[in-house]
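Just below is one structure, and these are the notes that go with it.
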Amino acid sequence: MKARFGFLTILILAIAASFSNAQSKNVKTTIKVYGNCTMCKNRIETALDTKGIKQAIWDPKTKELQVVYVSAKITEKEIHELVAAVGHDTDKVKANDEVYAELPFCCLYRDHDHKGVKDAPHGH
Ligand SMILES: [Cu+2]
């Protein structure tokens with residue numbers, strides 16, 4: 001009987017622990033981020049080298065950013081904003097034109113699509 005009580009206590013603690021983990025969990029998501037080259041890749045990934053982000057990998061071919069973040073420390077919206085702040089549009093937040101204009105020529109993804117992707121999202 002006593003042993004059984006001990007087991008129950010451990011079980012309850014384990015459940016409680018998993019609940020507190022649920023409030024601060026690692027979230028993996030994919031965000032569309034527009035850019036061209038490896039310079040863009042460095043810029044995007046460096047912008048996301050910040051608290052709450054565990055991993056950020058951007059693929060210049062697919063324009064997809066794979067990001068793993070801690071939900072208690074940063075929100076997905078903030079990630080979009082961080083990326084836009086260094087000049088890269090995401091599917092939710094657009095970089096402002098002044099920041100975009102400061103990018104090196106090869107990175108001007110709105111005007112020059114070096115990869116010839118068909119569904120270029122930025123018309124003029
Ligand atoms: Cu670039």
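We count ligands from 1, going down the list as the structure has it; atoms in each ligand are counted the same way. Since the structure is predicted, the reported quantities are computational estimates derived from the model, not experimental observations. For reference, positions follow the sequence shown, starting with 1.
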Taking C-beta and beyond as the side chain, do L82 and I74 meet within less than 4.5 Å on heavy atoms? yes
>> Check for me, please, whether F105 and Y109 land in the same ILVMFWY cluster - side-chain distances under 4.5 Å, paths through other members count.
In response: yes
- Does E45 reach the main-chain N or O of W58 with its side chain, forming a donor-acceptor pair under 3.5 Å?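 The answer is yes, because a donor-acceptor pair under 3.5 Å joins these two groups.
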message = Surrounding CD of Q66 (heavy atoms of other residues, nucleotides or ligands, distance under 6.0 Å), is the total greater than 12?
response = yes
Between Y34 and R110, is there a cation-pi geometry (under 6.0 Å to ring centre, at most 45° from the normal)? no
- Determine, stepwise, if the pair E76 / K92 fulfils side-chain contact (heavy atoms from CB on, under 4.5 Å). CA-CA 10 Å; E76 193 169 330; K92 289 205 179 96; 3.9 Å; yes
Listing protein N, O or S under 2.8 Å around the Cu ion (ligand 1) gives C37 SG, C40 SG, C107 SG
